[in-house]
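One-based numbering, in listed order, for ligands and for the atoms of each. What you see below is based on every heavy atom in this structure, not just the backbone, and it leaves out hydrogens, waters and symmetry mates. Numbering of residues begins at 1 and proceeds along the displayed sequence.
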Amino acid sequence: MTLRVAIVGSGPSGFYTAESLLRSVDDVEIDIVERLPTPYGLIRGGVAPDHAKTKNVARSYEKTARDPRVRYFGNVTLGEDIGLDALRGMYDAVVLATGAAIDRSLGIPGDDKKGVLGVAAFVGWYNGHPDFRDLDPPLDTEAVAVIGVGNVAVDVARVLTKTPAEMAATDLTDYAAAAIHAAPVRDVYMFGRRAAHHAKFSNVELREMGQLEDSAPVLDPAEVPDDVPDDTASTMSDRDLRMTRRNLATLRDFTTMEAGSRAKRVHFRFCASPVEILGGERVEGIRMERTRIESDRAVGTGETFDIPCGLVIPAIGYYSEPVDGVPFEGGRSRNSDGRIEPGLYAVGWIKRGPSGVIGSNKPDGAAAAAQIVEDCGAGAGAPGRAALEKHLQAHNIRGVPFDDWKRIEAAEEAAATPPAPRRKFGRVDEMLAVLD
Ligand code: NAP
C-alpha cells in the first residue's frame, strides 16, 4: 500500500515535512500544493533580499522536490481551486503549511490612514510577492516609523537605508529598488514598547545596522542598561541571556558611533508605545507614550511625544489566514503538537504562531511525519495524485509543475543585471507567460 499525503504550502515547514516523510516511509506519495507558481514561501517572499545565504537552503528543498515520490503543484489555491474536504477525500493525510501571512494591526486611533502599512505587505512588495505588487507604498517622506524591535523590523530598516551599491548584488525587485532609492527617506525610527534588553533582534542582524555605508544608528546611552536586570535574567534560558547580552553590547557600541557624513539615521527608541497615528487622510506623524517596565511588561506613563513621519510600518507579528473547516484560535490553528485531528496536521507558523527561524520548522516536519505514520500507517488506499490531477483537469486549473517553476526561475536569472542573482517577476501572469 502507498501512503498518500498532500502538503499545502511550499515554504520551509512544508518542505521539512516532505523531507521527514521521505526519510521515514519508503512507499509514500507526497504532493505539495502551492497557491503561487513559485515555491519556497518565506524563503522567496520574506527573507530579506540582501540575505542571499539564508536563501541557499532552497537547494535542499529542490532536492526534496525532485525525489520521484514528490510532485509539486504550483498555482493551485486551497479553498478556491480545491476545498479542504475534497483534498482530504483524496489523500490519507493533509498537512497545512500555509504560514502566517496576515499583519497584526496596531489597533490605535488613526491606524487606517494612508501611509500605515503592515510589514508583511511592505516586505512582500519589495520581495516580489504578487499579492503586494500594486501596494505603491507612499515613500515620499523623510521619516519612517517602524513599530517593533524584532528581526523583521530590522530587515525593513536596513532595506530602507542601504545604498543602491549595497543592494546591487541582491534580488530586491527592480520596481522596489527604484522607489526606495528615489525616496527622500533620511530617518528611520524603530520603536520598542519595552526596554532594550527585551528586544528580539538576533545579534548578527543587529550588528549589521552599525556597518552600513550611508546610514548610522542613533541611540541614547541612557536607553541601554549595563546588564540584563536580575529579575528578567532569571526568566531567560542561557542561550537567550547570552544573545541579549550581546545585543546590549552592540547597542552600547551604537551609542558611541560617529555618523560622520552618512546621510541616513536609524534611531533606536525603547520604552515607547504607539498610541495614535496623526494626520488627516495621510499619516503625518505618530504619537508615542513613554512606558516603564513592571514585571517585564510595558506600562504607560501618560507622558507622550510626537514624531513627524509619512509612513508607519508596524512589524508586530502576524496571524494565519483561516482555513474553512479548521478550528482557529489566537491567530493559528487549534492543534495538539500539530495534530488538528487524525488525517489533518499543521506545521510551521499555522501550527505555533510566527516565531523562530527557518530551522525551527524542522522539528515540526518530523513531528507531523511521525503522527501521520502513527495515524495512517501505510495508507488506506486513497487515490491521491491521480484524483488531484483529474480534479484540476476537470476544473480547467493550470497547475505549475516543478520543471515549469525551474523555467520561470531560469527566466528570472536570465533577466537579471549582474551582480543581481535574479530579476523577480512580481505578477502571476508574467510568470505564466514564460511558460506559454
Ligand atoms: P518578533 O521577533 O516577535 O518581534 C515582534 C516585535 O513587535 C517585538 O518587539 C514586540 O514587542 C513588538 N510588538 C508586538 N505587539 C506590539 C504592539 N502592540 N505594540 C508595539 N510593539 C509590539 O517578530 P518578527 O520580527 O515579526 O519576527 C518573526 C519571527 O521571524 C521571529 O522569530 C524572527 O526571529 C524571525 N525572523 C528571523 C530573521 C533572521 O533570522 N534574520 C529575519 C526575519 C524574521 P514585545 O516583545 O514587547 O512583545
Side-chain angles (χ1 to χ4, degrees), residues 11-13 41-57 99-109 111 116 118-124 126-127 145-159 189-209 228 232 235-236 239-240 243-244 247 251 268-277 286-300 312-320 330-332 348-361 364:
S13 64
L42 276 188
I43 300 296
R44 180 178 164 101
V47 171
D50 56 338
H51 281 179
K53 269 197 202 145
T54 309
K55 299 178 196 229
N56 287 342
V57 68
I102 302 175
D103 278 303
R104 274 189 196 284
S105 61
L106 288 169
I108 58 174
D111 71 354
V116 181
V119 79
F122 189 66
V123 169
Y126 66 58
N127 272 337
V146 180
I147 312 301
V149 282
N151 284 326
V152 173
V154 90
D155 279 347
V156 167
R158 199 179 63 251
V159 169
Y189 293 86
M190 296 185 64
F191 289 111
R193 62 180 168 181
R194 296 190 290 156
H197 57 275
H198 295 110
K200 303 254 182 79
F201 312 121
S202 302
N203 190 249
V204 179
E205 277 68 21
L206 182 60
R207 279 206 314 267
E208 274 188 272
M209 298 309 292
V228 182
T232 306
T235 66
M236 287 176 153
R239 191 174 165 278
D240 284 351
M243 191 186 78
T244 303
N247 282 351
L251 290 170
F268 290 81
R269 297 279 185 93
F270 296 100
C271 290
S273 185
V275 285
E276 188 179 348
I277 308 292
I286 186 162
R287 179 157 298 155
M288 305 295 301
E289 180 178 20
R290 291 192 200 285
T291 63
R292 63 168 188 277
I293 303 301
E294 280 178 16
S295 307
D296 286 325
R297 294 175 66 87
V299 180
V312 173
I313 304 178
I316 59 171
Y318 317 98
Y319 54 92
S320 297
R332 58 191 149 103
W349 284 4
I350 192 174
K351 166 184 174 179
R352 61 189 155 76
S355 67
V357 292
I358 289 158
S360 316
N361 293 295
D364 289 355

| Under-4.0 Å protein heavy-atom contact, atom 46 (O) of ligand 1 | yes

Contact region, Asp155 to ligand 1, non-hydrogen atoms below 4.0 Å, reads side chain

Check: of Ala199, Pro274, Gly150, Ser273, min heavy-atom distance to atom 4 (O) of ligand 1 comes from Gly150

Checking heavy atoms under 4.0 Å, the part of Tyr318 that sits near ligand 1 is side chain

With heavy atoms and a 4.0 Å threshold, my read on which part of Val204 contacts ligand 1 is neither

Atom 39 (C) of ligand 1 has as its nearest protein heavy atom Glu205 OE2, 3.7 Å

For atom 26 (O) of ligand 1, the closest protein heavy atom turns out to be Val152 CG2, 3.4 Å

Tell me whether Asp111 contacts the main-chain N or O of Gly107 through its side chain, where contact means a donor paired with an acceptor under 3.5 Å. yes

Note: heavy atom closest to atom 48 (O) of ligand 1, options His198, Arg194, Arg193, belongs to Arg193

Checking heavy atoms under 4.0 Å, the part of Phe201 that sits near ligand 1 is neither

**Message:** Any non-hydrogen side-chain atom of Phe191 less than 4.5 Å from a side-chain atom of Val146?
**Reply:** no

query: Where does the angle between the aromatic ring planes of Trp349 and Tyr318 fall among parallel (under 30°), tilted (30 to 60°) and perpendicular (over 60°)?
result: parallel

Looking at Val149, Val357, Ile316, Asp296, the heavy atom closest to atom 8 (C) of ligand 1 belongs to Val149

If you scan protein heavy atoms around atom 28 (C) of ligand 1, the nearest is Pro354 O, 3.6 Å

protein heavy-atom neighbour closest to atom 2 (O) of ligand 1 works out as Lys200 CB, 3.5 Å

Requested in this report: Output yes when a side-chain donor or acceptor of Thr291 lies under 3.5 Å from a complementary backbone atom of Arg193, and no otherwise.
Outcome: yes

Quick note on ligand 1: atoms under 4.0 Å from a heavy atom of Ser355 include exactly 32 (O)

**Asn151 side chain vs Glu205 backbone, donor-acceptor pair below 3.5 Å** = no

Residue, atom and distance of the protein heavy atom nearest atom 38 (C) of ligand 1 read Asn151 CB, 3.5 Å

#### Entry: salt_bridge(Arg292, Glu294) N-O dist < 4.0 Å
yes

- Message: Closer than 3.5 angstrom, by distance alone: can the side chain of Asn127 be matched with the main-chain N or O of Gly124 as a donor-acceptor pair?
- Response: no

re atom 35 (C) of ligand 1, the protein heavy-atom contact at minimum distance is Gly356 O, 3.4 Å

**OP:** Without swapping roles, check the side chain of Ser320 against the backbone of Gly99 for a donor-acceptor pair under 3.5 Å.
**Re:** yes

Say whether, by atom type as modelled, one donor and one acceptor occur between the side chain of His51 and the main chain of Ala48 under 3.5 angstrom.
no

Backbone N/O of Ala120 and side chain of Asp103: donor-acceptor pair under 3.5 Å = yes

Near Trp349 (heavy-atom distance under 4.0 Å), the atoms of ligand 1 are 29 (C), 30 (O)

Closest heavy-atom approach to atom 5 (C) of ligand 1 among Ala315, Gly148, Ala100 is made by Ala315

- Taking 4.0 angstrom as the limit, do Asp50 and Arg158 come out as a salt bridge? yes

**Asked** Contact between Phe270 and ligand 1, counting heavy atoms under 4.0 Å?
**Response** no

